[in-house]
Trainee: 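Here it is, the structure, as structure tokens.
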Amino acid sequence: MGFLEDRVAAEMATWGGFKAAGLDAKKISENLARPPKPDMGDLAFATFRFAKEAGVKPPELAAKLIEGAETGGMVAEVDAAGPYVNLHLDHESVISDVLAEVEKHSAGALPQDWRFGDSDSGHGKTLCIDLSSPNIAKPLAVHHLRSTMIGYSIKKIRESQGWRVVGINHLGDWGTGFGKLIAGIKKYFPDVAERAKSDEKPLGDMTVQELNETYARFNKEAKENEDIALAGKDEFAVLERYIEALMDRPEAGEGDLLDAMAREGGQVNFRIWQHARDISLAEFERMYSHLGLSFRLWPVIEEAHKKLLKDEPAAFYRDHCIYVGESYYVTAEDLCRRLINDAVESRVAVEDEGALVIFTHGKGKAPLILVKNDGATSYHARDMAAALYRKRHWELDEMTYVVGGEQKLHFDQLFKALKELGHDWADHCSHTDFGLMLFQQPDGKWAKSSTRKGTAIMLEDLLDEAIAAVRDIIAEKNPELAADASMREHVAHAVGVGAVVFNDLKNGRRNNVKFDWDAVLDFQGESGPYMQMQYVRMLSVTEKFRETYGEPVFENGDPDRLGLDEEWRIVQSLAAFPDVVAKASAEFEPSIVARHLVELAGLTSSWWTATKDTRIVGDDEGLSLARLRLVNAIRKVLGRGLTLLGMELVERM
RNA sequence: GUGCCCGUAGCUCAGCCGGAUAGAGCAGCUGCCUUCUAAGCAGCCGGUCGGAGGUUCGAGUCCUCCCGGGCACGCCA
């Protein structure tokens with residue numbers, strides 16, 4: 001288990017009883033657990049499974065194991081309680097150890113220097129993580145938050161374990177939907193098409209919202225009218241052919257496809273599509289920066305970042321994720337067509353009902369469709385091409401897709417198809433699925449968000465509401481801070497966004513989330529603001545100490561002065577942190593970190609609020625310093641944990 | 001119909017590789033601000049862990065079946 005258990009186990013392994021039973025430190029450590037009640041001991045070793053192996057009764061084994069136990073090190077006392085070997089640790093020495101360990105890894109004033117809980121278990125390995133992946137020409141709605149923040153947090157957690165993590169935003173920027181968008185734009189805004197003949201930004205100052213409305217309006221008409229629907233398909237075909245012609249592929253045809261008329265029509269569509277994408281990215285950028293993420297468009301990296309990418313790729317991938325639109329695999333490298341040719345040649349893909357498919361789950365079950373019966377590539381094909389590109393370009397060791405659970409089948413098919421094509425590394429690909437965000441409908445039922453029905457809540461609105469709510473509370477509770485407008489806004493932003501983020505990450509990702517304004521904006525209890533508040537209060541306490549006794553020298557804080565049960569429990573919680581992060585990393589589950597922080601913050605708050613005697617800064621300087629030393633360690637672990645969740649720390653609130 | 005996810009306190013959720021008496025937050029009730037931020041703390045109330053079998057020394061946890069809810073199941077992505 002954790003380093004505390006490891007150290008205790010190492011000590012126990014030298015005892016005669018354990019030696020005789022053939023139990024080494026590893027086995028011991030793996031079987032150490034916390035007893036249900038503190039007075040039973042700090043750690044307990046359960047003998048059941050070893051007793052069974054040895055053919056003796058558990059209580060007998062427990063009694064034998066403690067024969068010749070040498071206490072006096074970390075273990076102060078040991079006793080056999082029925083089938084358990086209960087261990088009472090020497091608290092002073094453990095506290096001293098844990099504090100030293102935290103301090104060793106958390107030197108420095110800046111949160112990014114606090115590395116307690118980090119490990120190098122992933123050193124030299126690369127993880128590609130597919131996150132966020134919105135469709136262009138649609139605004140970011142609340143449900144996009146899940147993939148984005150779960151993915152972002154996993155990225156940070158994996159990085160803390162030594163991995164290189166490439167965050168990839170697989171933009172939905174290709175498919176027949178864009179034919180509909182183009183057709184809609186031409187239909188309702190005739191001058192745009194005219195402008196596109198000469199202007200590279202034909203959409204003027206149209207917003208994402210307007211693009212989305214145009215699409216929705218056209219889509220509605222297309223559902224009622226076959227001809228209109230076909231017009232949408234045609235526009236996409238024109239776009240796709242233009243792209244193919246641009247790539248100068250022989251099979252695109254020499255004569256008719258490249259004739260002036262088609263070329264011009266294609267160029268118009270291309271320009272509309274490209275401008276729609278630029279407009280979308282500009283808006284996404286605003287949203288992502290609120291959340292603390294930065295994306296660069298791949299592979300068109302601007303000069304400044306190109307240099308960083310070349311000189312310090314590690315720093316580039318740490319500080320930025322990348323956009324790689326689906327269109328990239330079609331337009332730039334022809335990866336889709338190559339993949340399809342490969343699948344056909346190897347006979348993995350077969351023709352069925354006019355489409356080219358791979359029967360990943362056997363005949364009769366839903367196949368993976370590579371090419372649709374109208375000749376257009378499907379998103380499956382583009383996802384496969386994307387996987388191959390990522391594998392080749394980043395030499396990844398692992399890849400995961402942070403995508404809603406409703407796409408489970410798609411990813412099952414994807415991984416199986418890759419294996420059938422001989423790509424065994426697909427075994428290291430996974431789907432980090434998460435539950436749906438549900439919204440209450442007018443009829444009271446809960447359902448997926450729908451832009452069409454107007455039940456979708458825009459991410460920006462949610463963040464704005466949360467920030468405004470925090471701003472109000474600051475005005476009410478901290479007038480001094482409220483008076484400083486720029487500081488107030490900075491804090492309101494960090495705490496408001498943090499509230500939304502923490503609310504999303506605190507529970508297991510597979511749970512469906514019933515979106516509830518009251519719950520998101522409730523800043524009591526297990527909430528982001530509560531976490532931020534504990535952090536801020538620890539800074540206040542530190543400041544108080546400074547005012548009273550001057551700059552604290554933590555090394556002089558005497559662990560022997562920390563004898564309270566609450567303090568011991570906090571130390572145990574601190575000691576467990578590295579394990580918690582490792583587990584969250586292995587399971588792609590940020591909530592494991594979030595939950596642990598809730599516990600740590602709660603223990604801390606109970607500790608120093610309990611009585612007047614537990615105030616940190618009191619009359620006894622030595623006691624105050626010892627306690628402050630613990631506060632300092634807690635603050636750094638809490639700060640590190642919140643950072644791993646993608647939250648920003650504040651110093652006042 | 002088939003597959004996957006979920007079912008633990010009134011509500012939202014934790015619960016480790018099966019381990020000793022199942023835990024938080026919210027809501028409700030009762031206290032606590034001359035002191036380091038009350039966005040807080042303490043206490044009370046609240047449980048047949050959906051149901052039935054099974055495996056095991058031991059099951060909220062593993063297996064089977066059933067019930068209830070959600071999602072997916074060929075040309076949207």
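All chains are named by letter (A, B, ...) in the order of the sequence lines, taking the proteins before the strands, and each is independently numbered beginning at 1. Hydrogens, waters and symmetry mates play no part in the numbers below; they use all other heavy atoms, side chains included.
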Trainee: Consider the side chain of L409(A), meaning its heavy atoms from C-beta on, and name the nucleotide among C41(B), A20(B), C73(B) that approaches it most closely.
Mentor: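 Selected nucleotide: C73(B).
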Trainee: Looking only at atom P, what distance separates C17(B) and U30(B), rounded to whole Å?
Mentor: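 Straight-line distance between the two P atoms is 42 Å.
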Trainee: Give me the distance, rounded to whole Å, that separates A24(B) from G69(B) when you measure between the C1' atoms they each carry.
Mentor: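 It works out to 24 Å between them.
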Trainee: Please tell me which of the listed nucleotides, C71(B), U37(B), A20(B), lies nearest to the side chain of L436(A)?
Mentor: C71(B)
Trainee: Picking from U37(B), C41(B), C36(B), which would you name as closest to the side chain of S606(A)?
Mentor: C41(B)
Trainee: Under the criteria of a ring-centre distance below 5.5 Å and an interplanar angle below 30°, is F48(A) stacked with the base of G19(B)?
Mentor: yes
Trainee: Using the P atom as the reference point in each nucleotide, state the distance between G60(B) and G53(B) in Å, no decimals.
Mentor: 14 Å
Trainee: On a whole-Å scale, what distance lies between the P atoms belonging to A14(B) and C6(B)?
Mentor: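 Straight-line distance between the two P atoms is 10 Å.
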Trainee: Please pick, from U37(B), C13(B), C71(B), the nucleotide with the shortest atom-to-atom distance to any side-chain atom of M653(A).
Mentor: U37(B)
Trainee: Heavy atoms from C-beta onward define the side chain here; which of C36(B), C13(B), U37(B) lies closest to that of R652(A)?
Mentor: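 Minimum distance to the R652(A) side chain belongs to U37(B).
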Trainee: Quick check for you: among C71(B), G25(B), C17(B), whose closest atom lies nearest to any side-chain atom of R49(A)?
Mentor: C17(B)
Trainee: Can you tell me, in whole Å, how much space there is between the C1' of A9(B) and that of A27(B)?
Mentor: 12 Å
Trainee: Please write out each protein N/O paired with an N/O of nucleotides 74-77 of chain B under 3.5 Å, distance rounded to 0.1 Å.
Mentor:
{"residue": "G74(B)", "atom": "O6", "partner": "D352(A)", "partner atom": "OD2", "Å": "3.1"}
{"residue": "G74(B)", "atom": "O6", "partner": "E353(A)", "partner atom": "OE2", "Å": "3.0"}
{"residue": "G74(B)", "atom": "N1", "partner": "D352(A)", "partner atom": "OD2", "Å": "2.6"}
{"residue": "G74(B)", "atom": "N2", "partner": "D352(A)", "partner atom": "O", "Å": "3.2"}
{"residue": "C75(B)", "atom": "O2", "partner": "N373(A)", "partner atom": "N", "Å": "2.7"}
{"residue": "C75(B)", "atom": "N3", "partner": "N373(A)", "partner atom": "ND2", "Å": "3.3"}
{"residue": "C75(B)", "atom": "N4", "partner": "E353(A)", "partner atom": "O", "Å": "2.9"}
{"residue": "A77(B)", "atom": "O3'", "partner": "E326(A)", "partner atom": "OE1", "Å": "3.0"}
{"residue": "A77(B)", "atom": "O3'", "partner": "E326(A)", "partner atom": "OE2", "Å": "2.3"}
{"residue": "A77(B)", "atom": "N6", "partner": "Y379(A)", "partner atom": "OH", "Å": "2.8"}

Trainee: Under the 3.5 Å rule, do the base of A20(B) and the side chain of N86(A) count as making a donor-acceptor pair?
Mentor: yes
Trainee: Taking only the side-chain heavy atoms of K583(A) (C-beta and beyond), determine which of A38(B), G19(B), C16(B) contains the nearest atom.
Mentor: C16(B)
Trainee: Which nucleotide wins on minimum distance to the side chain of P36(A), given the candidates C36(B), U37(B), A20(B)?
Mentor: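 Closest nucleotide among those given: A20(B).
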Trainee: Using OP1 and OP2 only, check whether a side-chain N or O of K514(A) sits under 4.0 Å from U12(B).
Mentor: yes
Trainee: Taking all non-hydrogen atoms of both residues, which atom of K514(A) and which atom of W446(A) are closest, and how far apart?
Mentor: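 Distance-wise, the nearest heavy atoms are CB-CZ3, 3.6 Å.
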Trainee: Please report the C-alpha distance between K26(A) and D6(A) in whole Å, then the side-chain angles of each, then the deciding distance to 0.1 Å, and finally whether the salt bridge (charged side-chain N to carboxylate O under 4.0 Å, His left out) criterion is met.
Mentor: CA-CA 8 Å; K26(A) 191 166 177 288; D6(A) 284 345; over 6 Å; no
Trainee: So does E226(A) have more than 12 non-hydrogen atoms from other groups sitting under 6.0 Å from CD?
Mentor: no
Trainee: Taking 4.0 angstrom as the limit, do K180(A) and E235(A) come out as a salt bridge?
Mentor: no
Trainee: Looking at K448(A), does any N or O in its side chain come under 4.0 Å of the phosphate oxygens OP1/OP2 on A72(B)?
Mentor: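 True: K448(A) side-chain N/O within range (under 4.0 Å) of A72(B) OP1/OP2.
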Trainee: Pairing of RNA chain B as dot-bracket, 5' to 3': ( ) intra-strand, [ ] crossing, | other strand, . unpaired, with Watson-Crick or G-U pairs under 3.5 Å?
Mentor: (((((((..((((.....[...)))).(((((.......))))).....(((((..]....))))))))))))....
Trainee: Quick one: do the N507(A) and S591(A) side chains pair a donor with an acceptor below 3.5 Å?
Mentor: no
Trainee: Between Q524(A) and A27(B), is there a contact of a side-chain N or O with OP1 or OP2 at under 4.0 Å?
Mentor: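 For A27(B), OP1/OP2 do have a side-chain N/O of Q524(A) under 4.0 Å.
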Trainee: Taking U37(B) as the reference, what is the distance to G28(B) when you measure between their C1' atoms (whole Å, please)?
Mentor: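 One C1' to the other, the span is 27 Å.
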Trainee: If the P atom of G19(B) is compared with that of C63(B), how far apart are they to the nearest Å?
Mentor: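 The same atom, P, in both gives a distance of 15 Å.
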Trainee: Output the single nucleotide from C16(B), U56(B), U37(B) whose closest atom is nearest the side chain of K52(A).
Mentor: U56(B)
Trainee: Between U64(B) and A59(B), how many Å separate the two C1' atoms, rounded to a whole number?
Mentor: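 These two C1' atoms come out 15 Å apart once rounded.
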Trainee: With the 90 degree cut-off around zero defining syn, does C33(B) come out syn or anti?
Mentor: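 Glycosidic conformation of C33(B): syn.
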Trainee: Counting side-chain heavy atoms from C-beta on, which of A20(B), C16(B), C4(B) comes nearest to K408(A)?
Mentor: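 It is C4(B).
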